Amino acid sequence: MATGSFVVRPTDGLHGEATVPGDKSISHRAVMFGALAQGTTHVRGWLAAGDTEASLSSIQGLGVQVIRHNANDLTIYGGELHPPTETLNLVNAGTGIRLLAGIMAGQPFGSVLDGTEQLRRRPMKRIMEPLRLMGADITATNDRAPLTIKPANLKGIRYEMPMASAQVKSSILLAGLFADGATTVVEPGPARDHTERMLSAMGVNLAVEGHSVTVTPGKTLQAQDFSVPGDFSSAAFLIVAACITPDSDITLTGINLNETRTGLLDVLLEMGADITVSDKGLEAGEPAGTLQIRHSALKAVEIGGDTVVRMIDEFPVFMVAALCAEGRTVVRNAEELRVKETDRIKVMAGELKKLGAEITETEDGFIIDGPQKLMGAIVDGHDDHRVAMSMTIAGLIADEQTVVNDSKCAGDSFPGFAETLARLGGQLVEQDALEEA
Ligand code: S3P
């Protein structure tokens with residue numbers, strides 16, 4: 001159901017300093033791993049957003065006590081999971097359902113994991129297949145949620161993943177914590193490594209060798225304090241906004257710069273973007289730092305291979321940058337975009353077309369000849385947070401007014417997106433659902 005709208009007008013320049021909410025991937029993991037750990041886990045800077053709240057309420061549904069000091073600071077009393085009395089509802093969260101399925105597969109009690117219609121459309125075979133090879137009793141109609149999981153004895157496996165996916169890798173490694181023997185996952189590309197970093201910090205016997213990760217069970221997870229750095233994937237909207245909006249000069253602080261996540265940064269630099277990185281240090285075992293972004297002319301780029309997985313969530317907003325770049329941009333090997341919250345190649349090409357853009361879809365990517373001029377129009381967020389925010393960024397450089405309907409989903413990952421952009425000088429206002437057509 002469409003709710004909320006952003007009304008965006010052409011913007012002269014973005015200025016000032018901002019932070020972004022905590023990293024979504026780390027926030028999901030912090031509550032799940034904290035639930036498994038012996039002792040008390042404190043999480044600071046936790047992302048209080050639609051997707052992560054679903055993971056939090058699911059672990060509470062497993063009887064784990066959580067004290068909420070404020071929206072972003074939590075204490076988790078972990079160590080024991082109890083049979084849930086209800087279906088665990090992961091709402092729209094793909095990371096939530098896939099990681100939790102790995103944990104649930106190894107429990108001595110059953111569970112049902114489900115979510116919204118959107119989540120029910122997403123492929124689950126990618127986790128069901130390897131979990132079943134481990135011995136898991138997991139069933140689903142047409143390999144889609146709801147997932148019904150029954151107790152089973154798991155054994156360690158060696159699994160070569162057909163696609164680079166941190167969710168699949170993590171689901172298997174988490175099941176591996178409850179298996180007999182070691183579990184090895186071999187990934188075809190460098191998918192984000194937050195699970196490996198966090199589990200290692202919690203004392204799990206985990207070895208990384210090239211693209212293969214092995215977890216050997218037997219050690220109890222020890223509670224850790226986590227301080228969650230700002231989400232690079234949320235920063236990406238502001239980074240692209242400043243790159244393409246004339247006269248912009250913004251600074252973003254406390255941003256997670258884990259290099260399995262920052263493919264967009266490398267690509268924008270290759271395109272001629274004016275971005276400087278400073279104050280790089282470690283925050284909760286993750287590199288974090290400050291980014292200064294100034295407007296500059298961009299040139300087209302070709303993207304494929306490992307870079308794709310390092311910027312997989314950033315392609316919707318990258319499309320907007322590519323529309324501003326001189327020359328032909330070609331993206332290949334990005335077929336995973338078709339099974340995200342929406343088919344992000346199709347949906348973004350369709351929505352940007354409403355602004356007058358011409359984008360050629362290919363099976364595994366797209367081609368954009370730039371620069372192109374955009375004209376304001378009424379567009380839709382498709383209940384996909386990254387689509388809604390990307391279309392808002394496009395609205396900053398479109399002539400006249402752009403209305404992004406179904407914009408509330410931005411809160412699935414970036415609560416405060418519109419306020420942050422407006423504070424930097426973005427010409428946008430939020431309208432609530434009542435004012436929609
Ligand atoms: C995530 C992994 C990625 C990413 C998603 C978050 C994670 O998905 O797109 O937003 O936290 O593990 P895939 O594993 O499907 O690539």
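Numbers for residues simply follow the sequence, beginning at 1. Computed from a predicted model, the values in this text were never measured in an experiment. One-based numbering, in listed order, for ligands and for the atoms of each.
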Subject >> Gap separating the CG atom of Leu428 from the OG1 atom of Thr402, nearest 0.5 angstrom >> reply: 11.0 Å
Original post:
Salt-bridged, Asp231 to Arg261, with N to O below 4.0 Å?
Top reply: yes
**OP:** For the pair Arg44 and Asp225, find out whether any cationic side-chain nitrogen is under 4.0 Å from an anionic carboxylate oxygen.
**Re:** no
Subject >> Lys24 with Asp313: basic N within carboxylate O range, under 4.0 Å >> reply: no
Subject >> Glu336/Arg126 ion pair, N-O < 4.0 Å >> reply: yes
Original post:
Closest non-hydrogen protein atom to atom 6 (C) of ligand 1, residue and atom name please, with distance?
Top reply: Thr95 OG1, 3.3 Å
**OP:** Say whether Glu336, considering both its backbone and side-chain N or O atoms, lies within less than 3.5 Å of an N or O atom on ligand 1.
**Re:** no
Original post:
Between Glu430 and Lys408, is the closest basic N to carboxylate O distance under 4.0 Å?
Top reply: no
Original post:
Backbone, side chain, both or neither: what part of Arg29 comes under 4.0 angstrom of ligand 1, heavy atoms only?
Top reply: side chain
Original post:
Among protein heavy atoms, which lies nearest atom 14 (O) of ligand 1, and at what distance?
Top reply: Ser165 OG, 2.6 Å
Original post:
Can you tell me if His28 has a non-hydrogen atom under 4.0 Å from ligand 1?
Top reply: no
**OP:** Specify side chain, backbone, both or neither for Arg192, according to which of its non-hydrogen atoms lie closer than 4.0 Å to ligand 1.
**Re:** side chain
**OP:** Check Asp279, Ile239, Leu238, Val20 against Ile255 for a side-chain contact (heavy atoms from CB on, under 4.5 Å) and give me the one that passes.
**Re:** Val20
Original post:
Is the shortest N/O to N/O distance between Ser170 and ligand 1 below 3.5 Å?
Top reply: no
**OP:** Using a strict 4.0 Å cut-off to heavy atoms of Lys340, name the atoms of ligand 1 that fall inside it.
**Re:** 3 (C), 4 (C), 8 (O), 9 (O), 13 (P), 15 (O), 16 (O)
Original post:
Under 4.0 Å between a Lys/Arg side-chain N and an Asp/Glu carboxylate O for Asp369 and Arg328?
Top reply: yes
**OP:** Name the closest protein heavy atom to atom 10 (O) of ligand 1, giving the residue it belongs to and the distance to 0.1 Å.
**Re:** Asp313 OD2, 2.7 Å
**OP:** List every atom of ligand 1 that sits less than 4.0 Å from any heavy atom of Ile312, numbering the atoms from 1 in the order shown and giving each element.
**Re:** 9 (O)
Subject >> Polar proximity ligand 1 side, Leu99 side, N/O cut 3.5 Å exclusive >> reply: no
